[in-house]
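All chains are named by letter (A, B, ...) in the order of the sequence lines, taking the proteins before the strands, and each is independently numbered beginning at 1. Just so you know, these numbers use all the heavy atoms, side chains as well, and skip hydrogens, waters and symmetry mates.
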There are 2 protein chains.
Amino acid sequence: METKIEPISLVDTVTKRLEAAIINGQLAPGERIREQVLAVEMGISRGPLREAIRRLEGRRLLERTANIGVRVAELSPQKLDELLTVREALEGMACRLAAERISDDEVAQLRALLDSHAELKDVSSGAGYYQKSGDFDFHFRIAKASENGFLMSMITGDLYDLLRVYRYRSSTMQGRAGAALDEHRTIVEALARHDPDGAEAAMRKHLRNARIHSQLAVQQMEMAAKAEAN
Amino acid sequence: METKIEPISLVDTVTKRLEAAIINGQLAPGERIREQVLAVEMGISRGPLREAIRRLEGRRLLERTANIGVRVAELSPQKLDELLTVREALEGMACRLAAERISDDEVAQLRALLDSHAELKDVSSGAGYYQKSGDFDFHFRIAKASENGFLMSMITGDLYDLLRVYRYRSSTMQGRAGAALDEHRTIVEALARHDPDGAEAAMRKHLRNARIHSQLAVQQMEMAAKAEAN
DNA sequence: TTCGCACGGACTGTCAACCATTTCCGGGGT
DNA sequence: ACCCCGGAAATGGTTGACAGTCCGTGCGAA
């Protein structure tokens, strides 16, 4: 028996559907959720739905006010900045640990990944792909190489999901692809040298740039929105 | 109207009771939880109990296997080490941010706090108090001074709760009180200088020492247990 | 007109009973 | 000794009901 089928509960699927709905904007930030309505829409009963909501509550995707209802978490540029700062701390540490433990094989895989990115960068339609799976893959592999279960689940799980809710597109998208690739290479080289300090510093710098860049982008968006309002 | 009374739901109280039961060991690690039994014991119905369980699941205090049941999270020295490593990353970052933003007033409060610790250290029965509220207070204030909501809630909430489940007693308890106090002072001085790098480094060093020390303590305990088994 | 207040609908919070499905355990039979 | 099968028990999910709270509406009074 190769594939051990693991039964998926309704709560799990509902949780994912809710999560997806929040991420793609079907449920707008701040929007109120009514249990009965949603339960009927999804064709389930209130029980599992409530349990799913509790989970997302714990992950800060939903906020509940007693006797009032549940709302989709409100976002703000400031909160995004805070989140990205936490990411700096966690991924920096992950990168440090990875530098101590990473194998030559894993380093080779990372290099190959970056090479493929370099090629895609030239393709006009490539940028989308780059962001979508490539960049995540890079950070994901490093988190995994840290061999710290908590760190990994936070980086690739909770944190990543939250960032998606914030509609955060890795700032590599916003004209930083070239710079990001260079930074990625710097990180990999530090990992290859098994240089914890260098690796952490490189990752921190990379994410700090991404964070600052994203804040600038947000500010520009707000400026544009304000200009349009006049 | 100062205190706006906010209604507490059954789920909230149940969550806290479960949490407390896990922390103080009434529910042993790895122990299985049966919904119906527990629901009857607590005098509630299965609904709210299940919702509370889902929450603690999200906080990794409980682990669920589909169709089998819920168990209290299993602990291991390795996981504790991983957790303390995450703490290093988060509190290090918090300390860095705090150094940039902390006010003279807050610095003065921290100094006063450490002075009171220094006095207590001499009192024989003081060690317990020192750990119980004092050490937490120190780290709590710094997390707060970081002015990063996510960081703070992680450090003083999720992370702290998990550590309590691991029965982790800040290693200041284990004969490190004196050294810890010195390290605390180093941290505060860096904060007073508004020196982010120094503050982060000092906090990281402090927590690294605590982590290593705790691992040593765990090893000793295991050695002792093994010796006793013979 | 405007403020205040009571009424009623709507929604959350909780409970209870019920059924389906799966797991677990023990008693067979081979 | 091993395997298989049946029943007990626990989880997973559904339904329906009801209490409590919140909120908007509309009426009445200043």
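Residues satisfying the side chain to side chain donor-acceptor pair (under 3.5 Å) test with S153(A), not counting sequence neighbours, are R60(B). R46(B) pairs by the salt bridge (Lys or Arg N to Asp or Glu O under 4.0 Å) definition with E35(B), not counting sequence neighbours. Under the salt bridge (Lys or Arg N to Asp or Glu O under 4.0 Å) criterion, K79(B) pairs with E63(B), sequence neighbours left out. Contacts of R208(B) classified as salt bridge (Lys or Arg N to Asp or Glu O under 4.0 Å), with partners at least two apart in sequence or in another chain: none. With sequence neighbours left out, R141(B) forms a salt bridge (Lys or Arg N to Asp or Glu O under 4.0 Å) with D137(B).
Look at R50(A) and you won't find any side-chain N or O under 4.0 angstrom from OP1 or OP2 of dT12(C). Not one side-chain nitrogen or oxygen of R34(A) sits closer than 4.0 Å to the OP1 or OP2 atom of dT12(C). The phosphate of dG13(D) (OP1 or OP2) has no side-chain N or O of R46(A) nearer than 4.0 angstrom.
Out of dT14(C), dT23(C), dG13(C), the shortest distance to the side chain of L10(B) is found at dT14(C). In this structure, of dA10(D), dT12(C), dT23(C), it is dT12(C) that holds the atom nearest to the side chain of Q36(A). The side chain of N67(A) has dC22(D) as its nearest neighbour among dT14(C), dC11(C), dC22(D). Closest approach to the P48(B) side chain among dT12(C), dG12(D), dC15(C) is made by dC15(C) (side chain taken as heavy atoms from C-beta onward).
No contact: V70(A) has no heavy atom under 4.0 Å from any strand.
Scanning residues 52-59 of chain A for heavy-atom distances under 4.0 Å to DNA chain C yields an empty list.
Comparing I44(A) and E35(B), the nucleotide of DNA chain D nearest to each residue sits closer to the 5' end for E35(B).
A salt bridge links R59(A) with E19(A): at least one charged nitrogen is closer than 4.0 Å to a carboxylate oxygen.
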